[in-house]
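Numbers here are sequence positions counted from 1. Atoms considered below: every heavy atom in the structure, side chains included; atoms not considered: hydrogens, waters and symmetry mates.
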Amino acid sequence: MDVIEAMETCVAMRYLKEDPVPAADLERLVYAATRASSPGNSQEWDFVVLNDDAIKTEIGDAVWAAMSPIFAEIPLTSGGTTQRMYKGAAYLAKNFAKVPAWILGCARKNYPPQAPTEAFMHSTIYPAAQNLIVAARSMGLGTTFTTFQMAAESVIREQLSIPADVYLCVLVAVGYPEKPFTPVRRKPVSDVLHWNTW
Ligand SMILES: Cc1cc2nc3c(=O)[nH]c(=O)nc-3n(C[C@H](O)[C@H](O)[C@H](O)COP(=O)(O)O)c2cc1C
């Protein structure tokens, strides 16, 4: 698949089949992630692939326990685009353990060496995560970026023995899509492109 076509249709896929994703394909996603650029080629990233049902259930329960009160406050009945997004996000959070694989993107705050910042840390992991989701789309796999790790950070740290100096930056859901890939809805380029001057 052409890379631009993959980007154009790389929607957040919150409805995923329970069919397992082969380990070799999950490893290929991490390979794609680790082909990304990073500041000074620092590559201060690590990826934890989670496809063990018992671990996903333990963490998934903690995610839902923390997030269900938040979703309970959002009215999910009207049919608008934002409502559909929240409904999908609530569905994903509730069914997170059933998603066949998660990839936890982690990073260390080590760049620049003389004065490390969180900004550089996040600018290391996010290009890698974007590579990962576009690669997944090209392989027919659906993904959703999530920040669900924030809701269950202590459980995740304990369950996965994450070192204290490692930040949990993004948790990507991966599986075969339950719904068709559709074009992403984004602002037209003419609204945001400036040539030579603002
Ligand atoms: C940093 C980041 C965090 C996100 N966190 C979540 C999340 O926690 N749950 C979720 O369902 N979607 C999450 N998303 C997905 C966005 O909501 C989604 O990409 C956006 O609404 C555009 O929709 P589309 O990608 O389907 O076009 C996140 C995306 C990014 C980049």
Side-chain angles (χ1 to χ4, degrees), residues 1-53 55-56 59-60 63 85 88-89 91-93 95-111 119-150 156 160 162 166-187 189 192:
M1 170 182 277
D2 171 70
V3 72
I4 298 287
E5 187 187 345
M7 291 173 183
E8 285 169 339
T9 57
C10 191
V11 282
M13 189 61 72
R14 301 186 176 94
Y15 299 87
L16 295 162
K17 295 181 178 164
E18 291 181 38
D19 306 350
V21 178
D25 289 351
L26 295 168
E27 187 170 336
R28 188 151 181 79
L29 297 183
V30 175
Y31 171 77
T34 54
R35 299 310 95 186
S37 176
S38 61
N41 205 19
S42 47
Q43 303 178 56
E44 290 285 357
W45 49 45
D46 278 274
F47 300 86
V48 185
V49 177
L50 294 149
N51 62 355
D52 178 277
D53 284 340
I55 295 171
K56 285 193 287 120
I59 297 172
V63 165
M85 184 194 71
Y91 174 88
L92 180 65
N95 295 284
F96 204 43
K98 294 183 191 161
V99 171
W102 310 339
I103 301 181
L104 176 63
C106 303
R108 283 190 166 90
K109 194 177 81 173
N110 283 348
Y111 190 89
F120 273 117
M121 183 187 74
H122 291 296
S123 56
T124 295
I125 196 70
Y126 271 99
Q130 182 68 22
N131 263 17
L132 187 157
I133 70 164
V134 173
R137 170 65 193 97
S138 78
M139 293 160 63
L141 288 163
T143 57
T144 302
F145 270 126
T146 83
T147 48
F148 290 173
Q149 82 283 357
M150 292 177 183
I156 295 173
L160 310 182
I162 306 278
V166 169
Y167 288 66
L168 314 185
C169 299
V170 63
L171 187 51
V172 183
V174 183
Y176 294 101
E178 192 78 70
K179 297 191 172 188
F181 291 106
T182 51
V184 296
R185 287 167 295 100
R186 301 291 187 260
K187 293 176 185 175
V189 70
V192 296

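The structure places OG of Ser138 at 8.0 Å from CZ of Arg28, a figure rounded to the nearest 0.5 Å. To the nearest 0.5 Å, atoms CG (Asn51) and NZ (Lys56) are separated by 7.5 Å. Atom CE of Met150 sits about 11.0 Å away from atom CG of Leu171, to the nearest 0.5 Å. Here Leu50 contributes atom CG and Ile156 contributes atom CD1; the two are 8.0 Å apart, rounded to the nearest 0.5 Å. The distance from the CD atom of Gln149 to the CG atom of Leu160 is 11.5 Å, given to the nearest 0.5 Å.
In the displayed structure, Lys109 atom NZ is contacted under 6.0 Å by more than 12 heavy atoms of other residues, nucleotides or ligands. Heavy atoms from other residues, nucleotides or ligands lying under 6.0 Å from CD of Glu5 number more than 12.
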Open item on the list: Run Trp45 and Val30 through side chain to side chain contact (heavy atoms under 4.5 Å, CB included) and show every step you take.
Closed with: CA-CA 11 Å; Trp45 49 45; Val30 175; over 6 Å; no
Task: Working for side chain to side chain contact (heavy atoms under 4.5 Å, CB included), residues Asp46 and Arg108 - done: CA-CA 9 Å; Asp46 278 274; Arg108 283 190 166 90; 3.7 Å; yes
TODO: Please step through side chain to side chain contact (heavy atoms under 4.5 Å, CB included) for the pair Ile162 and Leu104, ending with a clear verdict.
DONE: CA-CA 11 Å; Ile162 306 278; Leu104 176 63; 4.2 Å; yes
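Phe96 is linked by a ring pair (Phe, Tyr, Trp, His ring centres under 6.0 Å) to Trp102, Phe148, counting only residues two or more places apart in sequence or in another chain. Residues meeting the ring pair (Phe, Tyr, Trp, His ring centres under 6.0 Å) test with Tyr167, sequence neighbours left out: none. By the side-chain contact (heavy atoms from CB on, under 4.5 Å) test, Thr182 is found to be paired with Val11, residues two or more places apart in sequence or in another chain being considered. The ring pair (Phe, Tyr, Trp, His ring centres under 6.0 Å) check on Tyr176 picks up nothing, with sequence neighbours excluded. Annotation: ring pair (Phe, Tyr, Trp, His ring centres under 6.0 Å) contacts of Phe181 (sequence neighbours excluded): none.
Between Lys179 and Met13, some side-chain heavy-atom pair lies under the 4.5 Å cut-off. With a 4.5 Å cut-off on side-chain heavy atoms, Ile133 and Arg137 do not count as touching. Looking only at side-chain heavy atoms (C-beta outward), Thr143 and Ile103 stay at 4.5 Å or farther from each other. Contact annotation: the side chain of Leu132 never approaches that of Phe145 to less than 4.5 Å [non-hydrogen atoms, C-beta and beyond].
Here the closest heavy-atom approach between residue Tyr126 and residue Cys169 is recorded as OH-O, 3.4 Å. Minimum interatomic distance between Gly175 and Pro100 (heavy atoms only, all atoms of both residues): CA-CG, 3.7 Å. Of all non-hydrogen atoms in Ala135 and Leu29, the two that sit nearest each other are C-CD2, 4.1 Å. Of all the heavy atoms in Ala32 and Asn131, the pair that sits closest is O-ND2, 3.0 Å. In terms of heavy-atom proximity, Ser38 sits nearest to Thr124 at CB-CG2, 4.0 Å. Closest approach of Cys106 to Leu168, counting heavy atoms only: SG-CD2, 4.0 Å.
A donor-acceptor contact shorter than 3.5 Å is absent between the side chain of Asn95 and the backbone of Lys98.
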Which donor-acceptor pairs under 3.5 Å do side chains of residues 15-25 form with protein atoms, sequence neighbours excluded?
none

